[in-house]
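Read through the structure below, which is laid out as C-alpha coordinates, and then see the notes.
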Amino acid sequence: MGLFTNNKKLCPICGNPTPRLLASAVEGQNLCKECAAKIDLPDGVLNSMTLDEFREYINCYDANKPLRDSFTETYRYDFGFFKGSLLLDMDHQLLRLGVVDTAFALEPSDIKSFRILEDGEVLYEGEKGNFRSCKSDIKERLNE
(Lines give C-alpha, C1' and ligand atoms only; values in the text may rest on other atoms or scores of the structure.)
Protein backbone atom coordinates (compact mmCIF):
# COMPACT_ATOMS: atom_id res chain seq x y z
CA MET A 1 0.00 0.00 0.00
CA GLY A 2 2.91 2.36 0.47
CA LEU A 3 1.88 3.66 3.88
CA PHE A 4 5.16 2.60 5.48
CA THR A 5 7.43 3.12 2.47
CA ASN A 6 9.80 6.04 2.20
CA ASN A 7 8.62 7.09 -1.27
CA LYS A 8 6.90 10.35 -0.37
CA LYS A 9 5.35 12.46 -3.08
CA LEU A 10 6.87 15.89 -3.57
CA CYS A 11 5.10 19.22 -3.22
CA PRO A 12 4.26 20.67 -6.67
CA ILE A 13 5.15 24.19 -5.42
CA CYS A 14 8.52 23.82 -3.65
CA GLY A 15 9.53 20.16 -4.06
CA ASN A 16 9.59 19.25 -0.34
CA PRO A 17 8.13 15.90 0.77
CA THR A 18 4.40 15.95 1.52
CA PRO A 19 2.65 14.37 4.51
CA ARG A 20 0.90 11.08 3.91
CA LEU A 21 -2.24 11.83 5.91
CA LEU A 22 -4.48 14.92 6.05
CA ALA A 23 -2.44 16.96 3.60
CA SER A 24 -3.86 20.11 1.99
CA ALA A 25 -4.22 19.69 -1.74
CA VAL A 26 -4.53 21.84 -4.85
CA GLU A 27 -5.94 20.19 -7.98
CA GLY A 28 -5.56 16.83 -6.24
CA GLN A 29 -1.85 17.29 -5.55
CA ASN A 30 -0.75 17.33 -1.91
CA LEU A 31 1.15 20.29 -0.49
CA CYS A 32 4.06 20.13 1.97
CA LYS A 33 3.63 21.47 5.51
CA GLU A 34 5.55 24.68 4.71
CA CYS A 35 3.34 25.59 1.75
CA ALA A 36 0.16 24.58 3.59
CA ALA A 37 1.14 26.85 6.51
CA LYS A 38 1.08 29.83 4.13
CA ILE A 39 -2.62 29.40 3.34
CA ASP A 40 -4.57 32.42 4.59
CA LEU A 41 -7.64 32.15 2.40
CA PRO A 42 -11.39 32.11 3.08
CA ASP A 43 -13.00 28.69 3.33
CA GLY A 44 -13.50 26.99 -0.02
CA VAL A 45 -11.18 29.23 -2.07
CA LEU A 46 -8.31 26.74 -2.06
CA ASN A 47 -10.58 24.05 -3.54
CA SER A 48 -11.29 26.18 -6.61
CA MET A 49 -7.67 27.26 -7.27
CA THR A 50 -5.41 25.88 -9.98
CA LEU A 51 -1.73 25.17 -9.32
CA ASP A 52 -0.73 28.30 -11.26
CA GLU A 53 -3.12 30.44 -9.21
CA PHE A 54 -1.76 28.91 -6.00
CA ARG A 55 1.84 29.60 -7.10
CA GLU A 56 0.86 33.23 -7.72
CA TYR A 57 -0.77 33.33 -4.26
CA ILE A 58 2.42 31.93 -2.64
CA ASN A 59 4.52 34.58 -4.43
CA CYS A 60 2.17 37.29 -3.14
CA TYR A 61 2.28 35.78 0.36
CA ASP A 62 6.10 35.74 0.33
CA ALA A 63 6.17 39.35 -0.91
CA ASN A 64 3.94 40.32 2.05
CA LYS A 65 6.49 39.01 4.60
CA PRO A 66 8.16 42.39 5.34
CA LEU A 67 4.75 43.88 6.21
CA ARG A 68 3.83 40.91 8.41
CA ASP A 69 7.19 41.15 10.20
CA SER A 70 6.85 44.88 10.89
CA PHE A 71 3.25 44.61 12.13
CA THR A 72 2.77 45.65 15.78
CA GLU A 73 -0.76 45.58 17.17
CA THR A 74 -2.13 48.89 18.48
CA TYR A 75 -5.86 48.09 18.32
CA ARG A 76 -7.87 44.84 18.22
CA TYR A 77 -11.55 44.30 17.57
CA ASP A 78 -12.82 40.74 18.14
CA PHE A 79 -15.92 39.64 16.24
CA GLY A 80 -16.72 36.90 18.74
CA PHE A 81 -15.50 33.52 19.82
CA PHE A 82 -13.96 31.71 16.80
CA LYS A 83 -15.21 34.41 14.40
CA GLY A 84 -11.99 36.33 13.84
CA SER A 85 -10.44 39.65 14.71
CA LEU A 86 -9.46 42.91 13.07
CA LEU A 87 -6.07 44.26 14.12
CA LEU A 88 -4.64 47.70 13.40
CA ASP A 89 -1.06 48.92 13.45
CA MET A 90 -1.41 52.70 13.47
CA ASP A 91 2.37 53.28 13.63
CA HIS A 92 3.02 51.48 10.33
CA GLN A 93 -0.47 52.11 8.87
CA LEU A 94 -1.29 48.39 8.51
CA LEU A 95 -4.43 46.30 8.97
CA ARG A 96 -4.66 42.56 9.54
CA LEU A 97 -7.66 40.22 9.64
CA GLY A 98 -6.76 37.49 12.12
CA VAL A 99 -4.59 37.26 15.20
CA VAL A 100 -2.08 34.77 13.83
CA ASP A 101 1.26 36.19 12.75
CA THR A 102 0.93 34.49 9.36
CA ALA A 103 -2.17 36.52 8.36
CA PHE A 104 -1.75 39.03 5.53
CA ALA A 105 -0.92 42.59 6.56
CA LEU A 106 -2.74 45.10 4.37
CA GLU A 107 -1.66 48.64 3.58
CA PRO A 108 -4.19 51.50 3.28
CA SER A 109 -3.88 51.40 -0.52
CA ASP A 110 -5.18 47.79 -0.42
CA ILE A 111 -8.41 48.83 1.32
CA LYS A 112 -11.22 50.93 -0.12
CA SER A 113 -12.52 52.11 3.27
CA PHE A 114 -13.43 51.02 6.79
CA ARG A 115 -14.82 52.57 9.96
CA ILE A 116 -14.78 51.29 13.54
CA LEU A 117 -17.48 52.77 15.75
CA GLU A 118 -17.99 52.52 19.48
CA ASP A 119 -21.18 53.93 21.00
CA GLY A 120 -21.85 55.69 17.69
CA GLU A 121 -18.51 57.53 17.77
CA VAL A 122 -15.75 56.89 15.23
CA LEU A 123 -12.63 55.35 16.81
CA TYR A 124 -10.67 54.45 13.66
CA GLU A 125 -11.33 54.91 9.99
CA GLY A 126 -9.46 54.45 6.79
CA GLU A 127 -10.05 55.65 3.26
CA LYS A 128 -8.13 56.85 0.24
CA GLY A 129 -4.83 55.32 1.37
CA ASN A 130 -4.78 56.64 4.96
CA PHE A 131 -5.71 55.36 8.44
CA ARG A 132 -6.94 57.81 11.07
CA SER A 133 -7.39 57.48 14.79
CA CYS A 134 -10.14 59.73 16.10
CA LYS A 135 -10.21 61.19 19.58
CA SER A 136 -12.50 59.21 21.86
CA ASP A 137 -13.51 59.65 25.46
CA ILE A 138 -15.00 56.16 25.77
CA LYS A 139 -12.25 54.91 28.11
CA GLU A 140 -12.58 57.94 30.38
CA ARG A 141 -16.35 57.50 30.54
CA LEU A 142 -15.93 53.83 31.43
CA ASN A 143 -13.50 54.68 34.22
CA GLU A 144 -16.04 57.12 35.71
Side-chain angles (χ1 to χ4, degrees), residues 2-3 5-142:
L3 185 61
T5 65
N6 200 16
N7 298 330
K8 288 189 174 185
K9 293 183 179 178
L10 300 179
C11 176
I13 305 300
C14 66
N16 289 334
T18 60
R20 296 182 198 282
L21 300 172
L22 303 174
S24 298
V26 176
E27 286 189 335
Q29 296 189 31
N30 291 346
L31 302 173
C32 67
K33 290 180 182 178
E34 291 81 16
C35 290
K38 296 178 180 181
I39 298 172
D40 184 29
L41 297 166
D43 292 337
V45 173
L46 183 66
N47 298 335
S48 64
M49 292 180 95
T50 65
L51 275 174
D52 290 334
E53 291 170 337
F54 188 73
R55 279 189 189 97
E56 185 178 328
Y57 166 78
I58 291 292
N59 291 337
C60 181
Y61 184 87
D62 291 340
N64 189 256
K65 184 173 176 25
L67 294 178
R68 289 192 315 270
D69 290 343
S70 68
F71 190 92
T72 54
E73 178 183 334
T74 57
Y75 177 80
R76 177 188 297 209
Y77 179 79
D78 291 314
F79 296 110
F81 198 60
F82 288 121
K83 294 194 178 179
S85 299
L86 173 95
L87 287 79
L88 294 177
D89 176 357
M90 296 305 289
D91 299 331
H92 298 105
Q93 294 282 297
L94 298 173
L95 179 139
R96 190 167 74 189
L97 294 172
V99 296
V100 294
D101 292 337
T102 57
F104 268 90
L106 304 173
E107 296 179 295
S109 60
D110 297 330
I111 301 165
K112 187 171 184 176
S113 70
F114 75 92
R115 181 175 289 160
I116 299 172
L117 303 171
E118 188 169 54
D119 289 344
E121 295 182 29
V122 177
L123 291 179
Y124 297 96
E125 65 182 347
E127 60 186 0
K128 299 179 184 174
N130 188 18
F131 290 165
R132 282 189 304 278
S133 173
C134 300
K135 185 170 170 75
S136 172
D137 64 345
I138 302 291
K139 290 182 182 178
E140 291 80 23
R141 290 189 332 202
L142 283 173

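To the nearest 0.5 angstrom, Ser24 atom OG is 11.5 Å from Lys33 atom NZ. Distance CD1/Ile58 to NZ/Lys38: 5.5 Å, rounded to 0.5 Å. Here the CG atom belonging to Asp89 is positioned 11.0 Å from the CD atom belonging to Glu107, to the nearest 0.5 angstrom. Atom CG of Asp69 sits about 9.0 Å away from atom CG of Asp101, to the nearest 0.5 Å. Distance CG/Leu46 to CD/Glu27: 10.5 Å, rounded to 0.5 Å. Separating the CZ atom in Arg96 from the CG atom in Leu67 is a distance of 11.5 Å, to the nearest 0.5 Å.
Residues Phe71 and Leu94 approach most closely at CD1-CB, 3.7 Å, considering heavy atoms. The nearest pair of heavy atoms linking Asn30 to Thr18 is O-CG2, 3.4 Å. Across all their heavy atoms, Leu87 and Gly98 have their closest contact at CD1-O, 3.4 Å. Smallest separation of non-hydrogen atoms from Leu31 and Ile13: CD2-CG1, 4.0 Å. In terms of heavy atoms, Met49 sits closest to Val26 at O-CG1, 3.6 Å. Nearest heavy-atom pair across Pro19 and Cys32 is CD-CA, 4.1 Å.
Checked by atom type and distance alone, the side chain of Arg55 pairs as donor or acceptor with a backbone atom of Pro12 at under 3.5 Å. Distance alone, capped at 3.5 Å, is enough to place a donor-acceptor pair between the Tyr57 side chain and the Asp40 backbone. Side chain of Tyr77 to backbone of Leu88: no donor-acceptor contact under 3.5 angstrom is found.
Classification of Lys65 and Asp62 as a salt-bridged pair fails, no side-chain N sitting under 4.0 Å from a carboxylate O.
Within 6.0 Å of CD on Glu73 lie more than 12 heavy atoms contributed by other residues, nucleotides or ligands.
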Working note: Ile39 + Phe54, criterion side-chain contact (heavy atoms from CB on, under 4.5 Å); need CA distance, chi angles, decisive distance, verdict. CA-CA 9 Å; Ile39 298 172; Phe54 188 73; 4.0 Å; yes
